[in-house]
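Data first, discussion second: the structure below is written as structure tokens.
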There are 2 protein chains.
Amino acid sequence: MILARIQKLSVAIPENLAEMLEEEIIFGRIKSQERLTEEMVAERYGVSRSPVREALRLLERDGLVVREARRGIWVSPMSQRDFDEIYMCRIPLEGLIARQAAESDHPDKRAEYDTLIADLKEAQAKNDVRQFFIADVRGSFIHYTLAQNKTLMRLLAGLEKQALRYRFHAYEQNPKIIQLSLEDTTRICEAIIEGDGEAAQKLTEKLIHEIWQTMRTGILDSFGRG
Amino acid sequence: MILARIQKLSVAIPENLAEMLEEEIIFGRIKSQERLTEEMVAERYGVSRSPVREALRLLERDGLVVREARRGIWVSPMSQRDFDEIYMCRIPLEGLIARQAAESDHPDKRAEYDTLIADLKEAQAKNDVRQFFIADVRGSFIHYTLAQNKTLMRLLAGLEKQALRYRFHAYEQNPKIIQLSLEDTTRICEAIIEGDGEAAQKLTEKLIHEIWQTMRTGILDSFGRG
DNA sequence: CGACACCATAATGTATACAATATACACGTC
DNA sequence: GACGTGTATATTGTATACATTATGGTGTCG
């Protein structure tokens, strides 16, 4: 019974709501600084306010919305300052996860990454930004699984969702960025497959630093210094 | 009207609840792996389950409790693995915040840190662990304020509360640790006052790495490899 | 005696009703 | 005409009632 299974899977309403809203925010369908009232969200998804409140707490945790007590909730504004903060933190943390993933000796490691890289290239060939993103997120998930580091996973979850907003924005402005991003992800995965933790860490730090600087001018044009 | 003001300040029930529970967990009055039922907490603090649920979400965000869907919530278990994960992440993030705090040129910087260091020394002289902790947390707050980096602040908030649990445990096992911790905090603050970002970052990374290794054996004895 | 099914119970998850508060607009006063 | 006060309204915050589900015990059947 497929339906039952879907029912079963979708039992955690707050998490599901949060995921849907996340996607809307990341891909800009809900715009920056737009207000989200609990009732509107509740009505839109046909649930009561209770799970909506919990979903919004989850989004707040990941920095996608900001909340002012007794005033309301807005989609986080975007700014170059925020962008810089996110990438500044991503560099060492992504470096750490790459190192730990590289040091793992899980048997399916190579196979997982090979299919991932194939998916990334396919998405890029078809110029399908959404598919590229989904594959990229799956890549992070593979890193997490290999690294077996719950703390790092928790911290990065709260960074990558915000990072995706800026990445999507940059791709829209300048599609060439997706090519760079693909190359970076591919090279990082290859370094992880190699198994040299130190090298994987250093390379990841270097590449994220580079793409940060590359994206930076575009972000500055869009949002100003913030 | 002082009472009105207190009322005003304590309006955010979930945040207040979370703070109280945090303290209980950090200082071990609520023990590791103890179950927290919503109703118990609600009854204990004389509120309904709604704000309790939100408070528990906050604790979950900061890694102090773990939640299993439709099963319940428990105070996070402690283990050497967890301890290692936390310190591994703290090193670069505390390094970053030290750097940014050092690069800030806020006029009250020196004065703030001077009174902080005095408080730390006083607490240490009186052997008052609780006061020492409170001062230490205030130190982090000064760093945050100077660094003006909300993202970093958000990430560190979710690490330091957990770190405090382990630090408190270590102090109880071996009071000498508090002396080392005081020295480290003092030296970091002095480096930040100096204003050399690079040096402050490197020193912070080095000292946190050292105290991690120092605490490690004691943690191992208490919790096993985990 | 063991295993499986059923049911009681307790806890979480959701919906709804009520309370408190922030905002905007109108009215009156200076 | 400008400013302040009061009130209406919309929205968040809290309490409570109801629904769903995980768990442990009991009883029966093999």
Side-chain angles (χ1 to χ4, degrees), chain A residues 1 3-22 24-25 30-31 33-77, chain B residues 1-21 24-25 30-31 33-77:
Chain A
M1 205 84 129
L3 202 80
R5 189 154 162 202
I6 290 170
Q7 281 282 14
K8 186 78 182 180
L9 283 173
S10 65
V11 124
I13 297 181
E15 279 76 7
N16 281 25
L17 274 178
E19 266 180 53
M20 289 192 278
L21 290 170
E22 274 163 20
E24 306 258 0
I25 294 171
I30 301 179
K31 291 212 172 50
Q33 289 178 295
E34 189 172 326
R35 182 166 188 187
L36 294 177
T37 72
E38 296 175 357
E39 208 157 2
M40 272 177 48
V41 177
E43 198 168 352
R44 179 169 171 189
Y45 292 99
V47 294
S48 79
R49 278 177 52 216
S50 308
V52 170
R53 280 181 73 82
E54 307 217 359
L56 291 174
R57 283 266 186 201
L58 295 174
L59 293 185
E60 188 191 7
R61 175 188 69 185
D62 292 335
L64 292 176
V65 303
V66 292
R67 169 193 211 106
E68 283 180 57
R70 287 200 181 273
R71 289 202 57 232
I73 291 193
W74 290 263
V75 175
S76 306
Chain B
M1 205 86 129
I2 295 187
L3 203 78
R5 193 159 158 196
I6 289 169
Q7 281 282 15
K8 187 81 182 178
L9 284 173
S10 65
V11 125
I13 298 180
E15 279 75 8
N16 281 27
L17 274 178
E19 266 182 52
M20 288 192 278
L21 289 170
E24 306 259 358
I25 293 171
I30 300 179
K31 292 212 173 49
Q33 291 179 295
E34 190 172 323
R35 181 165 190 188
L36 294 177
T37 72
E38 296 174 356
E39 209 157 3
M40 273 176 49
V41 177
E43 198 168 352
R44 179 169 170 190
Y45 292 99
V47 293
S48 80
R49 278 176 53 215
S50 308
V52 170
R53 280 180 73 82
E54 307 218 358
L56 291 175
R57 284 264 185 202
L58 294 174
L59 293 185
E60 188 191 7
R61 176 188 67 183
D62 293 335
L64 291 176
V65 303
V66 290
R67 169 193 211 107
E68 284 181 56
R70 287 200 180 272
R71 289 201 58 232
I73 291 192
W74 290 264
V75 176
S76 306

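Proteins come first, then strands; the chains are lettered A, B, ... in the order of their sequence lines, and each starts at number 1. The figures here come from the full heavy-atom set of this structure, side chains too, leaving out hydrogens, waters and symmetry mates.
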Write down the distance between [atom1] ([X]) and [atom2] ([N]), rounded to a whole number of angstrom.
| X | N | atom1 | atom2 | result |
| --- | --- | --- | --- | --- |
| A/Glu39 | C/dT16 | CD | C1' | 11 Å |
| A/Arg70 | D/dG13 | CZ | P | 6 Å |
| A/Glu15 | C/dT12 | CD | C1' | 13 Å |
| A/Ile73 | C/dA22 | CD1 | P | 16 Å |
| A/Leu36 | D/dT11 | CG | P | 12 Å |
| A/Arg35 | D/dA10 | CZ | P | 12 Å |
| A/Glu38 | D/dT12 | CD | C1' | 6 Å |

Partner residues of [X] under the side-chain contact (heavy atoms from CB on, under 4.5 Å) criterion, sequence neighbours left out:
| X | value |
| --- | --- |
| A/Ser76 | A/Val66, A/Arg165 |
| A/Met40 | A/Thr37 |
| A/Arg67 | A/Arg53, A/Arg57, A/Glu60, A/Ile73, B/Glu54 |
| A/Ala18 | A/Glu22, A/Ala55, A/Leu58, A/Leu59 |

**Report entry** Those residues that, when tested against A/Arg44, pass salt bridge (Lys or Arg N to Asp or Glu O under 4.0 Å) (two or more places apart)
**Finding:** A/Glu24
Query raised in the report: Considering residues at least two apart in sequence or located in another chain, which fulfil the salt bridge (Lys or Arg N to Asp or Glu O under 4.0 Å) criterion with B/Arg71?
Result: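 So B/Arg71 forms a salt bridge (Lys or Arg N to Asp or Glu O under 4.0 Å) with B/Glu68.
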Query raised in the report: What distance do A/Leu36 atom CG and A/Ile30 atom CD1 have between them, rounded to the nearest 0.5 Å?
Result: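 Spacing of CG (A/Leu36) from CD1 (A/Ile30) equals 5.5 Å.
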Query raised in the report: Crowded around B/Glu39 CD? As in, over 12 foreign heavy atoms under 6.0 Å?
Result: no
Query raised in the report: So, is A/Arg71 near the phosphate of D/dT12, with a side-chain N or O under 4.0 Å from OP1 or OP2?
Result: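 No, A/Arg71 has no side-chain N/O under 4.0 Å of OP1/OP2 on D/dT12.
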Query raised in the report: Using rotation axes that map the C1' atoms of four end pairs onto the next four (five pairs an end), what angle separates the end axes of the helix from C/dC1-D/dG30 to C/dC30-D/dG1, to 10°?
Result: 0°
Query raised in the report: Near DNA chain C, under 4.0 Å by heavy atom, which residues of residues 40-68 of chain B?
Result: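 Residues of residues 40-68 of chain B that come under 4.0 Å of DNA chain C are, in numerical order, B/Arg49, B/Arg53, B/Arg67.
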**Report entry** Shortest non-hydrogen contact from A/Gln33 toward A/Pro77
**Finding:** CG-CB, 3.7 Å
